[in-house]
Amino acid sequence: MNPIATPPPASSVESMMYALSQLFLTPVLIVIALLFLYAFFALGAFSLQAWQRRRGEPAAFELIQMSLRAPALPLSELEAEAVTRLEFVRIVTRVAPMLGLVATMIPMGPALQALGAGQLGDVAGKLAVAFSAVILALLASAITYWIANVRRRWYARDLMFIENSVQGVKS
């Protein structure tokens, strides 16, 4: 009998919670991997947009282009569009560390069981998964946090430019 496969003697509720928590490790690791890949995709898109903005290419100034295509569009709708464009990257910024913590805690139970059974190789394997997951999650969060903050500044400047342009036309 493998002592790592069975939960420690406990009540049926505790055993059920232990078993249930173990079911979430693979899905959480998959989501962390996807968020990590997304962070690098977002970084590539961000880098391209930054390069285009430096060159003054109109396509990189999304809100200004929307305003030019629909001059009657209220500023509040442009602000809502900016929030929408930032939404997913901001969600990744917040969710990735939470999932990293989950992916750290799930293997800790089996690691502690293996430690109690004197199986140090199994402890090392479980801890490697736990710490690798949190590292990838934190990297994804750090990258998307930076992107979200710089884009928020860009959108704020673009909205100020649009607002000043509209006020200049009305004067």
Participant: Using only atom types and a distance under 3.5 Å, with no angle test, would you say the side chain of S165 pairs donor to acceptor with the backbone of F161?
Facilitator: yes
Participant: Does a side-chain heavy-atom distance below 4.5 Å link D122 with P110?
Facilitator: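 Side-chain contact under 4.5 Å: no.
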Participant: As an exercise, state the distance from CG of L35 to CG of L139, rounded to the nearest 0.5 Å.
Facilitator: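 Spacing of CG (L35) from CG (L139) equals 12.5 Å.
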Participant: Within the 4.5 Å heavy-atom criterion, are D158 and R53 side-chain neighbours or not?
Facilitator: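 The answer is yes; the side chains approach within 4.5 Å.
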Participant: With side chains defined as the heavy atoms from C-beta onward, is the minimum distance between E79 and V83 less than 4.5 Å?
Facilitator: no
Participant: Minimum heavy-atom separation for V28 and V102, please, with both atom names.
Facilitator: CG2-CG1, 3.9 Å
Participant: For the residue pair W154 and F46, categorise the inter-ring angle as parallel (less than 30°), tilted (30 to 60°) or perpendicular (more than 60°).
Facilitator: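 Because their plane-to-plane angle is under 30°, the rings of W154 and F46 count as parallel.
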Participant: Taking side chain as C-beta onward, heavy atoms only, is Y38 less than 4.5 Å from T144?
Facilitator: yes
Participant: Counting heavy atoms not belonging to Y145, are there more than 12 under 6.0 Å from its OH?
Facilitator: no
Participant: Can a donor-acceptor pair be found, under 3.5 Å and without considering hydrogens, that links the side chain of Q52 to the backbone of E57?
Facilitator: no
Participant: Hey, quick one: are I147 and F41 part of the same hydrophobic cluster, counting side-chain heavy atoms closer than 4.5 Å, chains of contacts allowed?
Facilitator: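 I147 and F41: one cluster.
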Participant: For R157, does the CZ atom sit with more than 12 other heavy atoms under 6.0 Å from it, leaving out its own atoms?
Facilitator: no
Participant: Got a second to check how far Q119's CD is from K126's NZ, nearest 0.5 Å?
Facilitator: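 Rounded to the nearest 0.5 Å, the CD-NZ separation comes out at 10.5 Å.
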Participant: Rounded to the nearest 0.5 Å, how far does CZ of R151 lie from CH2 of W146?
Facilitator: 10.0 Å
Participant: Tell me if a side-chain donor or acceptor on S141 pairs with a main-chain N or O of A137 at a distance below 3.5 Å.
Facilitator: no
Participant: To the nearest 0.5 Å, what is the distance between OG1 (T93) and CZ (F88)?
Facilitator: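 T93 atom OG1 to F88 atom CZ measures 10.0 Å (nearest 0.5 Å).
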Participant: With clusters defined by side-chain heavy atoms of hydrophobic residues (ILVMFWY) lying less than 4.5 Å apart, directly or transitively, does V134 cluster with L34?
Facilitator: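 Unlinked, L34 and V134 end up in two clusters.
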Participant: Flag yes if F40 and V95 sit in one hydrophobic cluster, no otherwise; membership is Ile, Leu, Val, Met, Phe, Trp, Tyr, and two members link when side-chain heavy atoms are under 4.5 Å apart.
Facilitator: yes
Participant: Check whether any side-chain heavy atom of L73 sits under 4.5 Å from a side-chain heavy atom of S67, and report yes or no.
Facilitator: no
Participant: Please determine whether residues V89 and L43 belong to a single hydrophobic cluster, defined as Ile, Leu, Val, Met, Phe, Trp and Tyr linked transitively by side-chain heavy-atom distances below 4.5 Å.
Facilitator: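 Yes, V89 and L43 fall within the same hydrophobic cluster.
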Participant: Output the distance between atom CG (L23) and atom OH (Y18), rounded to the nearest 0.5 Å.
Facilitator: 11.0 Å
Participant: Could I get the full list of ring pair (Phe, Tyr, Trp, His ring centres under 6.0 Å) partners for W51, not counting sequence neighbours?
Facilitator: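 W51 satisfies ring pair (Phe, Tyr, Trp, His ring centres under 6.0 Å) with no residue once adjacent residues are dropped.
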Participant: Determine whether E77 and M66 make a side-chain contact, defined as any pair of heavy atoms from C-beta on separated by less than 4.5 Å.
Facilitator: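 No, side chains not in contact.
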Participant: Any heavy-atom pair between the side chains of P58 and I64 that's under 4.5 Å?
Facilitator: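 Counting from C-beta outward, I64 and P58 never come under 4.5 Å.
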Participant: Could you pull out all residues at least two apart from E81 that satisfy side chain to side chain donor-acceptor pair (under 3.5 Å)?
Facilitator: R85
Participant: Do Q49 and E62 have a side chain donor and acceptor closer than 3.5 Å?
Facilitator: yes
Participant: To the closest 0.5 Å, what do you measure between CG (L120) and CG (L127)?
Facilitator: 10.5 Å
Participant: Show the nearest heavy-atom pair for residues L63 and I162, with the distance to one decimal.
Facilitator: O-CD1, 3.5 Å
Participant: Quick check: are there more than 12 heavy atoms from other residues, nucleotides or ligands sitting under 6.0 Å from CZ of R153?
Facilitator: yes
Participant: Nearest heavy-atom pair of A103 and L29: which atoms, and what distance?
Facilitator: CB-CD2, 4.0 Å
Participant: Is there a path of hydrophobic side-chain contacts, each under 4.5 Å between heavy atoms, that joins L101 and V92?
Facilitator: no
Participant: Given L159 and E163, is the side-chain contact (heavy atoms from CB on, under 4.5 Å) satisfied, shown in steps?
Facilitator: CA-CA 6 Å; L159 289 168; E163 187 175 28; over 6 Å; no
